[in-house]
Amino acid sequence: METIQSIVDQERSTNSILSVVIPAYQEGSHIKNSIGVIETILIENKISYEFVIVDDGSKDNTWKELESLARANSKVTALRLSRNFGKESALCAGLEYASGDMILVMDADLQHPPELIPQMVEAWRDQGYDVVEGIKNSRGRENPFYHTFAKIFYYILLKTADIDLENASDYKLMDRKVVEAWKQLPERTTFFRGMASWVGFERKQIRFDVAKRVNGRTKWSAYRLLRLAMNAITSFTSVPLHCITILGIIIFIGTLILGAQTLYMKLSGRALDGFTTVILLQLFIGSSIMISLGMIGIYLTKIYHEVKGRPRYLVSNCIKGGGKK
Ligand code: UDP
Ligand code: MG
């Protein structure tokens with residue numbers, strides 16, 4: 001296996017090939033249009049390119065559209081996963097099939113403005129950056145609940161894992177060597193944004209406004225978002241586990257003080273029927289133990305999934321541009 005150190009910098013020229021990786025789930029109604037828009041911009045700017053589009057087990061006509069696209073256009077590779085594995089896994093598949101000198105990851109719904117691509121490619125080619133990342137100017141219209149939730153999530157990640165993801169997006173252009181480094185991270189449960197930040201390298205940020213979704217609906221339910229957030233935090237930091245220990249110590253100190261006071265009352269014959277204290281203590285200790293166990297459980301589940309070592313995704317179909325298998 002190639003090691004990270006042995007990867008040498010490629011020559012960056014106007015002939016360098018850009019791989020555009022797009023995960024698509026239930027995007028049949030507009031995927032052809034989206035690719036058309038992106039392709040026009042690439043051609044106008046004389047960028048050599050290939051598309052790797054991953055159908056993440058869609059139940060609509062996404063695969064049919066991709067199939068006809070890949071057969072007609074030699075620059076399009078269409079991959080189909082055997083079921084819906086989630087965007088993270090679809091991205092992994094795309095990155096592993098991409099063969100360009102630089103790799104761009106973007107959404108299928110044109111929320112990541114393709115007009116920025118020439119600017120990103122230029123930053124890679126002429127300014128020598130290894131990662132050019134799109135940063136959201138605003139988070140668009142969002143309900144206040146999500147907004148607060150997102151803020152807390154980013155704050156925890158920044159403070160505990162030193163990873164700043166506020167306004168970060170999955171819209172990123174990466175040099176081949178960054179993708180190779182990323183591919184060597186062995187974890188099964190991936191969090192692209194976090195991992196792409198963890199690997200480091202020379203980075204440049206480009207701001208953009210999130211456009212409106214061209215068609216269809218967002219696939220992120222509250223439950224999916226919560227799961228992603230939990231996954232992200234537990235992937236990058238074990239601080240929550242240490243918090244449990246600290247909480248334990250604090251409770252222990254409290255116990256010493258309260259214990260001394262109780263004993264004193266008892267010995268001096270002034271013991272009251274302190275039911276309130278008992279109930280409060282029971283509630284407090286009971287809930288802290290449950291929270292702590294839950295937290296350990298989350299990490300344990302992660303270890304369990306990693307130990308099983310199942311593949312991140314399964315490919316059921318692959319059409320390389322022009323219809324060749
Ligand atoms: N996506 C995917 N698998 C999923 C959910 C989403 O591949 O299970 C893709 C989707 O097709 C799109 C991108 O991930 O290209 C972003 O999804 P979406 O637009 O629904 O998310 P949002 O823009 O609302 O964050
Ligand atoms: Mg979207």
Side-chain angles (χ1 to χ4, degrees), residues 19-39 51-66 69 76-98 103-114 116-117 133-143 145-147 149-150 153-154 165-172 189-196 208-229 231-232 312-318:
S19 296
V20 183
V21 172
I22 302 178
Y25 177 58
Q26 315 282 56
E27 312 270 12
S29 59
H30 51 269
I31 186 82
K32 264 195 173 152
N33 169 54
S34 300
I35 307 240
V37 172
I38 300 167
E39 195 168 25
F51 281 100
V52 179
I53 305 161
V54 185
D55 171 14
D56 185 15
S58 305
K59 292 172 195 73
D60 64 354
N61 60 340
T62 305
W63 178 247
K64 274 215 153 60
E65 294 283 308
L66 289 186
L69 207 66
V76 176
T77 297
L79 274 185
R80 186 185 202 182
L81 303 190
S82 63
R83 64 171 169 83
N84 180 233
F85 279 87
K87 181 179 182 186
E88 294 293 324
S89 303
L91 270 181
C92 288
L95 289 178
E96 268 162 41
Y97 275 76
I103 290 132
L104 175 73
V105 170
M106 65 192 294
D107 283 0
D109 53 12
L110 293 184
Q111 279 190 302
H112 293 157
L116 285 187
I117 299 177
E133 44 196 357
I135 300 287
K136 293 181 225 161
N137 260 336
S138 67
R139 299 182 50 88
R141 269 191 317 122
E142 241 180 1
N143 80 40
F145 172 74
Y146 278 118
H147 191 77
F149 177 74
F153 163 65
Y154 291 126
L165 291 187
E166 181 140 34
N167 296 328
S169 70
D170 284 343
Y171 192 22
K172 275 191 211 314
T189 336
T190 56
F191 178 55
F192 177 70
R193 244 175 273 178
M195 286 160 74
F208 74 92
D209 287 310
V210 180
K212 259 186 71 182
R213 209 169 207 295
V214 281
N215 218 330
R217 295 192 311 142
T218 177
K219 280 103 205 169
W220 297 96
S221 61
Y223 171 68
R224 272 190 150 196
L225 275 177
L226 186 70
R227 222 175 49 178
L228 184 75
N231 176 24
R312 291 167 175 169
Y313 57 86
L314 293 172
V315 176
S316 72
N317 226 328
C318 170

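Owing to the predicted nature of the structure, the values given are computational and were not obtained by experimental measurement. Just so you know, ligand 1 is whichever comes first in the structure, and atom 1 is the first atom listed for that ligand.
In the vicinity of Gln111, heavy-atom distances shorter than 4.0 Å reach the ligand 1 atoms 19 (O), 22 (P), 23 (O). Close approach of ligand 1 to Asp109 is summarised as follows: ligand atoms under 4.0 Å from at least one heavy atom of the residue are 19 (O), 23 (O). Listed by number with element, the atoms of ligand 1 under 4.0 Å from a non-hydrogen atom of Glu27 are 10 (C), 11 (O), 12 (C), 15 (O). Atoms of ligand 1 lying under 4.0 Å from any heavy atom of Asp107, numbered from 1 in the order shown and given with element: 13 (C), 15 (O), 16 (C), 23 (O).
An angle of 100° is found at the Mg ion (ligand 2) between Asp109 atom OD2 and Gln111 atom OE1, rounded to 10°.
Residue contacts with ligand 1 for Gln26 are absent, since no atom lies close enough (heavy atoms, distance under 4.0 Å). Counting heavy atoms closer than 4.0 Å to ligand 1, residue Asn84 contributes side-chain atoms (C-beta onward) but none from N, CA, C or O.
Rounded to the nearest 0.5 Å, atoms OG1 (Thr62) and CD (Glu27) are 6.5 Å apart.
Between Leu69 and Phe51 there is no side-chain heavy-atom pair separated by less than 4.5 Å. No side-chain heavy atom of Ile31 sits under 4.5 Å from any side-chain heavy atom of Asp55. Using a 4.5 Å cut-off on side-chain heavy atoms (C-beta onward), Val315 and Leu81 make contact.
Residue Ala90 has no nitrogen or oxygen atom sitting less than 3.5 Å from a nitrogen or oxygen atom of ligand 1, judged on distance alone. Checked against a 3.5 angstrom limit, the closest N/O atoms of Ala108 and ligand 1 fall inside it.
Relative ring orientation between Tyr171 and His112 is described as parallel, the plane-to-plane angle staying below 30° on a 0-90° scale split at 30° and 60°.
For the salt bridge (Lys or Arg N to Asp or Glu O under 4.0 Å) criterion with Lys87, the lone passing option out of Asp56, Asp107, Asp109 is Asp107.
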Walk me through whether Tyr313 and Val54 qualify under side chain to side chain contact (heavy atoms under 4.5 Å, CB included).
CA-CA 11 Å; Tyr313 57 86; Val54 185; over 6 Å; no

